[in-house]
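Got a structure here, written out as structure tokens. Questions coming.
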Amino acid sequence: MEKRLDEANNMLDLMVSKGCNPDCVTYNTIINGYCKAKRVEDGLKLFRKMSIREVVTYNTLVQGFSQAGKVEVAQETFEEMVSQGVHPDNVTYNILVDGLCENGKLDKAIQIFEDLQMSKMELDIVIYNIIIHGMCNGSKVDDAWNLFSSLPHKGVKADVKTYTIMIGGLCKKGSLSEADMLFKKMGEDGIAPNECTYNTIIRAHLGEEMKRCGFSADASTMKMVIDMLSNGRLDKSFLSMLS
DNA sequence: CTAGGGTTAG
């Protein structure tokens, strides 16, 4: 967790030298550490050396490759898992579908999600949250809304994340009044908003308020930003807010 | 008498 992977590896060698054999949890802890440290290739090397093939390790690797932006390799790892006879579980599909969404492959994510719905796997709210989030970020807020609205028929109960994701999607689309209505409905449905929900809706309202007050990136604003960037009062990451 | 490792929102 502290990204001190080489020390962790030395510890692994030490335990082996003392006759204490690592098991799948030991290995997975280190493989996950490699992935979090953006060293998924090193994680894969360790994986190739071990003989245990279980679902959690594959899940770790699929996520590692996705988060390293190598979603094709993540998909290949998933295929390998299936061909090795290791059965994917809910977490596998959550990781795979989220990885596809985060790497610009929303259509593929939706396709897998639809296959899952036809399968006899029991889907819980997590996969719905992931796909609704993917749709909202992929400019398919209307599709997200339709899916969100279908949850009661499917016997799946929306949680605070579902509402927050959907409210965020409506805000992004510019439908602030619909977002407000959903925020109200969420309370009526007995789901309490949390800090994420409030941040989402407050940010959208502030953005509207700024527009109404005539704030925009005009010449004088740009000059102010450029000045503040040059004297260091404003961090460069601020610019990402503007796009 | 068998822990501990992998998943979603701004």
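Bear in mind the structure is a predicted one, so any value in this text is a computation, not a measurement. Just so you know, these numbers use all the heavy atoms, side chains as well, and skip hydrogens, waters and symmetry mates. Chain identifiers are assigned alphabetically (A, B, ...) following the order of the sequence lines, protein sequences preceding nucleic acid strands; residue numbering begins at 1 within each chain.
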**Crowding at CD, A:Gln84 (>12 non-hydrogen neighbours, <6.0 Å)** = yes

**Asked** For the rings on A:Phe47 and A:Tyr58, is their centre-to-centre separation under 6.0 Å?
**Response** yes

**Request:** Take atom OH of A:Tyr128 and atom P of B:dT8, then tell me their distance rounded to the nearest Å.
**Result:** 19 Å

**Message:** Checking side-chain contact (heavy atoms from CB on, under 4.5 Å) between A:Ile127 and each of A:Ile132, A:Ile112, A:Asn94, A:Val156, which is the one that passes?
**Reply:** A:Asn94

**Complete:** Residues in residues 154-184 of chain A with a heavy atom under 4.0 Å of DNA chain B, by number, are A:Lys161, A:Thr164, A:Ile165

**Item:** Interatomic distance where CG belongs to A:Asp124 and P belongs to B:dT7 [whole Å]
**Value:** 15 Å

**Complete:** Atom CE of A:Met1 and atom P of B:dG4 are separated, to the nearest Å, by 14 Å

**Request:** Ignoring the backbone of A:Asp23, work out which of B:dT7, B:dA9, B:dG4 is nearest its side chain.
**Result:** B:dG4

**Request:** Pick base, sugar-phosphate or nothing for A:Cys35, based on heavy-atom distances below 4.0 Å to the nucleic acid.
**Result:** nothing

**Request:** Take the protein atom CD1 of A:Ile131 and the nucleotide atom P of B:dT7, then report the distance between them rounded to whole Å.
**Result:** 18 Å

**Prompt:** In the hydrophobic clustering (ILVMFWY, side-chain contacts below 4.5 Å, transitive), which residues join A:Leu14, or is it alone?
**Reply:** A:Met11

**Request:** Carefully, step by step, assess A:Leu151 and A:Ile125 under the rule side-chain contact (heavy atoms from CB on, under 4.5 Å).
**Result:** CA-CA 9 Å; A:Leu151 290 176; A:Ile125 188 64; 4.1 Å; yes

**Message:** Suppose clustering is done on Ile, Leu, Val, Met, Phe, Trp and Tyr with side-chain heavy atoms closer than 4.5 Å. Which residues sit in the same group as A:Met181?
**Reply:** none

**Spacing between A:Met135 atom CE and B:dT8 atom C1', to the nearest angstrom** = 15 Å

**Request:** From the options B:dA9, B:dT7, B:dG4, select the nucleotide whose nearest atom is closest to the side chain of A:Lys36.
**Result:** B:dT7

**Item:** Side chain of A:His133 (C-beta onward), nearest among B:dT8, B:dA9, B:dG4
**Value:** B:dA9

**Request:** Report the distance from atom CG of A:Leu100 to atom C1' of B:dT7, rounded to the nearest whole Å.
**Result:** 14 Å

**Complete:** Those residues at least two apart in sequence (or on a different chain) that pass ring-ring contact (aromatic ring centres under 6.0 Å, His included) with A:Tyr93 are A:Phe78

**Message:** Check A:Glu2 with A:Lys36, please: is the shortest side-chain N to carboxylate O separation under 4.0 Å?
**Reply:** no

**Asked** What is the distance, rounded to the nearest whole Å, between atom OH of A:Tyr27 and atom P of B:dG4?
**Response** 21 Å

**Request:** Measure from CD1 on A:Ile130 to P on B:dT8 and round the result to the nearest Å.
**Result:** 7 Å

**Request:** Could you note down all residue pairs passing side-chain hydrogen bond (donor to acceptor under 3.5 Å, both in side chains) where residues 182-194 of chain A supplies at least one of them, sequence neighbours left out?
**Result:** A:Tyr163-A:Asp189, A:Lys185-A:Asp189, A:Asn194-A:Thr197

**Fill in**
Here the residues of residues 67-95 of chain A within 4.0 Å heavy-atom distance, strictly under, of DNA chain B are A:Asp89, A:Val91, A:Asn94, A:Ile95

